[in-house]
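Let me begin by presenting the structure, written as structure tokens, before commenting on it.
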Amino acid sequence: KECAKHFDPKGLQDIDTSISTADGVEYVAEPSNCKNIVAVKCHYSSTEVKTLDKIPMVLRERWFPVTLSETKPLVYSPWGGNLYLRPTPDDIYSLTITYNKWPIALATDSSEPEIENVELAIAAFAASFGFTDYGEPELSEKSYNDAVRFLTGNVKVTRRNPDAKIALG
């Protein structure tokens with residue numbers, strides 16, 4: 001939990017995926033393991049592409065009623081694992097969804113974390129809680145601050161030399 005509080009999802013790599021709409025169907029499923037939608041582009045043709053605007057689900061009906069004569073998607077609303085499009089597509093369109101995904105769980109010792117320095121941050125958070133338990137508030141605070149720096153990128157770590165010193169920036 002401590003790592004998640006200080007991790008900025010903007011630091012995750014953007015992933016692009018393509019998905020097609022269906023004629024008369026107002027939604028498409030979000031990509032699996034999606035944390036944050038960065039952008040949705042609708043390819044109306046091979047030369048015409050529009051970045052769709054994101055609007056809250058509650059305003060969808062008011063701003064884009066079903067009776068609207070336009071039939072190409074102009075906006076999307078994320079809701080319940082789906083992206084609801086308005087106006088409802090009248091044809092099959094290709095969407096390019098740019099998103100961040102939740103980092104994978106480390107399943108084995110050989111798994112590589114997708115968040116840089118996460119293992120160092122976990123160790124520093126654990127040390128911080130340990131120092132608190134032993135009545136060492138200064139060391140606890142230092143370890144906690146180190147962990148936050150590991151996650152925010154203000155740290156230089158040489159991974160090739162396991163005995164290297166860690167220089168905090």
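- The structure places CG of Asn100 at 9.0 Å from CD1 of Ile37, a figure rounded to the nearest 0.5 Å.
- Considering only residues two or more places apart in sequence or on other chains, Thr96 meets the side chain to side chain donor-acceptor pair (under 3.5 Å) condition with His43.
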Listing, residues 22-31 side-chain donor-acceptor contacts under 3.5 Å, not counting sequence neighbours, or none:
{"from": "Glu26", "atom 1": "OE1", "to": "Arg60", "atom 2": "NH1", "distance (Å)": "3.4"}
{"from": "Glu26", "atom 1": "OE1", "to": "Arg60", "atom 2": "NH2", "distance (Å)": "3.2"}

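- With sequence neighbours excluded, the residues satisfying side chain to side chain donor-acceptor pair (under 3.5 Å) with Thr98 are Asp16.
- Residues satisfying the side chain to side chain donor-acceptor pair (under 3.5 Å) criterion with Ser77, sequence neighbours excluded, are absent altogether.
- Other cluster members for Ile92: none, since no ILVMFWY side-chain heavy atom sits under 4.5 Å from it.
- From Tyr99, atom OH reaches atom OG1 of Thr17 across 5.5 Å, with rounding to the nearest 0.5 Å.
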*For side-chain hydrogen bond (donor to acceptor under 3.5 Å, both in side chains), just list the numbers for Ser143 and Ser128, CA-CA rounded to whole Å, side-chain angles, deciding distance to a tenth of an Å, and then say yes or no.*
CA-CA 5 Å; Ser143 293; Ser128 172; 5.7 Å; no
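- Considering only residues two or more places apart in sequence or on other chains, Glu136 meets the side chain to side chain contact (heavy atoms under 4.5 Å, CB included) condition with Phe131, Leu139.
- Val75 and Tyr84 fall into different hydrophobic clusters, where Ile, Leu, Val, Met, Phe, Trp and Tyr residues are linked whenever their side-chain heavy atoms come under 4.5 Å apart, directly or through other members.
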*Verdict with reasoning, Leu95 to Lys41, per side-chain contact (heavy atoms from CB on, under 4.5 Å)*: CA-CA 6 Å; Leu95 299 177; Lys41 292 181 182 177; over 6 Å; no
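- Residue Tyr76 comes nearest to Leu52 through the heavy atom pair CE2-O, 3.7 Å, listed as atom of the first residue, atom of the second, then distance.
- Annotation: salt bridge (charged side-chain N to carboxylate O under 4.0 Å, His left out) contacts of Glu48 (sequence neighbours excluded): Lys72.
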_Under the criterion side-chain contact (heavy atoms from CB on, under 4.5 Å), I'd like the reasoning laid out for Leu85 against Thr21: C-alpha separation, chi angles, the key distance, then a yes or no._
CA-CA 9 Å; Leu85 306 170; Thr21 65; 3.6 Å; yes
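- Between the side chain of Tyr44 and the main chain of Pro73, a donor-acceptor pair closer than 3.5 Å is present.
- Val40 and Trp79 fall into different hydrophobic clusters, where Ile, Leu, Val, Met, Phe, Trp and Tyr are joined by side-chain heavy atoms under 4.5 Å apart, directly or via other members.
- A search for side chain to side chain donor-acceptor pair (under 3.5 Å) contacts involving Tyr93 returns Asp90, not counting sequence neighbours.
- Between atom CD1 of residue Ile15 and atom CD1 of residue Ile97 there is a gap of 12.0 Å, rounded to the nearest 0.5 Å.
- Transitive grouping of hydrophobic side chains (ILVMFWY, heavy atoms separated by less than 4.5 Å) keeps Ile19 and Val49 in distinct clusters.
- Applying the side chain to side chain contact (heavy atoms under 4.5 Å, CB included) criterion to Pro137, with sequence neighbours excluded, gives no partner residue.
- Counting only distance, with no hydrogens or angles, the side chain of Thr51 and the backbone of Ala39 share no donor-acceptor pair below 3.5 Å.
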